[in-house]
Each structure stands twice: as structure tokens, then as C-alpha cells.
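Numbered from 1 within each chain, the chains take letters A, B, ... in sequence-line order.
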Amino acid sequence: MDGFYNLPVSDFTERVIRVVRRIPPGRVATYGDVAELAGYPGAARAVGTVMRRCSSRDVPCHRVVSAGGTLGGYGGNLELKRALLRAESLVVGRNRIRNFARVRWQGKKRG
DNA sequence: GCATTGACTAGGG
DNA sequence: GCCCTAGCCAATG
């Protein structure tokens, strides 16, 4: 473990950060998936709250997108998020991932 | 401690 | 295909 740079405000945040950090490059996960992997199914919205705060700068929050395949948001810098995702060899349209279902990372969960 | 917000999700029109 | 509504959880004021 590299250790956290910032002290997690809650166990939930810590778990979310841990999951998001496990997202490999070239893959993306949905807020709902991250929440579930974190142990809080249905807390997709809460995940967004944590991401917005970005407690740890080591968290690739740009690899977290909404369930529909849309980027969702990036603190108002969708353009940046789009660029980051495109840099991950992902095919991102105007504000939506094309092969979203193919690059969707569900914690190595078969599906 | 209550009310509001926020980068959400699923369902119905 | 898109817009609106209800439900959901955590953080903030």
C-alpha cells in the first residue's frame, strides 16, 4: 500500500477511493458499480459526492462515469475528463462513451 | 440535527 | 430517443 495522502473522512470514502484506484487504464466504472464494489450498493450518488471532493488526488476519478455511458461530470471540466478518457484509448463521443459496455470495468467480475 | 445539494440510477410518459 | 419523477446515500451549510 502506498498509503493515503489525505485522511479519509469516512470508511465509505476510503472504500470508494480504494475501488476507484483499482480501475485499470483503458477501463471505466460506473458510480453504481464503484458503490457496490465499495460495499455500498445504491450509493452511486454518494460516490459522486466523494469524487467531487476527490479526497485523494491519486484517485482516477476521470475513469468513473455514469451508468448510461455518459461522462457525468468533472467539477465543470467535462472537456478535461473527455480528453483523459480519450487518452485511455477510449472512444468518447460528444459526451458519451461508445464501447462503454466493452470498456466497463466491474471489478474483474465476470459478466 | 434539519434542510439542501450533488460528478447518480431506474422507471414511466 | 429525450424529459420528468421518485428513490437513493453521503457531504455541506
Side-chain angles (χ1 to χ4, degrees):
Chain A
M1 290 319 215
D2 312 88
F4 296 116
Y5 300 86
N6 296 352
L7 298 176
V9 294
S10 286
D11 295 331
F12 174 78
T13 309
E14 183 180 350
R15 290 177 180 273
V16 171
I17 291 168
R18 182 64 75 85
V19 173
V20 176
R21 285 186 69 233
R22 285 173 59 184
I23 302 178
R27 298 278 170 164
V28 291
T30 67
Y31 297 94
D33 289 342
V34 173
E36 185 176 334
L37 291 169
Y40 287 74
R45 219 167 170 176
V47 173
T49 307
V50 177
M51 296 289 94
R52 188 167 71 88
R53 301 298 298 171
C54 261
S55 299
S56 296
R57 59 175 176 81
D58 195 54
V59 181
C61 23
H62 64 269
R63 289 183 192 149
V64 186
V65 297
S66 56
T70 51
L71 303 185
Y74 203 83
N77 291 84
L78 265 299
E79 198 175 322
L80 175 63
K81 187 167 183 175
R82 234 170 23 223
L84 290 168
L85 291 174
R86 290 176 75 180
E88 299 277 327
S89 303
L90 297 177
V91 185
V92 185
R94 195 153 162 276
N95 44 236
R96 198 150 177 164
I97 300 176
R98 300 280 188 187
N99 49 357
F100 168 64
R102 302 188 182 191
V103 300
R104 188 177 179 182
W105 179 80
Q106 297 181 303
K108 302 270 176 89
K109 189 169 58 178
R110 290 181 292 110

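- Here Tyr31(A) lies in heavy-atom contact (under 4.0 Å) with a base.
- The nearest whole Å value for the distance from the CZ atom in Arg53(A) to the P atom in dG6(B) is 12 Å.
- Between Arg96(A) and Gly42(A), the one whose closest nucleotide on DNA chain C sits nearer the 5' end is Arg96(A).
- Applying the 4.0 Å criterion to OP1 and OP2 of dA7(B), one finds that Thr49(A) has every side-chain N and O outside that range.
- Arg82(A) and Arg94(A) make their closest contact through NH1-O, 2.8 Å (heavy atoms, listed as atom of the first residue, atom of the second, distance).
- One can place CD of Glu79(A) at 17 Å from C1' of dA7(B), the figure rounded to the nearest angstrom.
- Side chains of Asp33(A) and Arg104(A) form a contact here, defined as non-hydrogen atoms less than 4.5 Å apart.
- The CZ-C1' distance, from Arg45(A) to dT12(C), rounds to 14 Å in whole Å.
- When the P atom of dG6(B) is taken as reference, atom CG of Leu71(A) falls 19 Å away, rounded to whole Å.
- Counting to the nearest Å, the P atom of dT4(B) and the CZ atom of Arg52(A) are 17 Å from each other.
- In this structure, Met51(A) places its CE atom 12 Å from P of dA11(C), rounding to the nearest Å.
- Atom-to-atom, CZ of Arg15(A) to P of dA10(C) comes out at 12 Å; the value is rounded to the nearest Å.
- Looking at heavy-atom distances under 4.0 Å, Ala43(A) makes contact with sugar-phosphate atoms alone, never a base.
- Contact between the side-chain N/O atoms of Ser10(A) and the OP1/OP2 oxygens of dA11(C) is found at a separation under 4.0 Å.
- For the pair Leu37(A) and Trp105(A), the minimum side-chain heavy-atom distance is below 4.5 Å.
- The side chain of Cys61(A) approaches dA7(B) more closely than any other nucleotide in the set dA7(B), dC8(B), dA10(C).
- Taking atom CZ of Phe12(A) as the reference point, atom P of dC8(B) lies 13 Å away to the nearest angstrom.
- Position along DNA chain B of the nearest nucleotide to Gly32(A) versus Val47(A) favours Val47(A) as the more 5'-ward residue.
- Between Leu71(A) and Ile97(A), some side-chain heavy-atom pair lies under the 4.5 Å cut-off.
- Atom P of dA7(B) sits at a distance of 22 Å from the matching atom of dG7(C), rounded to the whole Å.
- Taking 4.5 Å as the limit, some side-chain heavy atom of Val20(A) sits within range of a side-chain heavy atom of Ile23(A).
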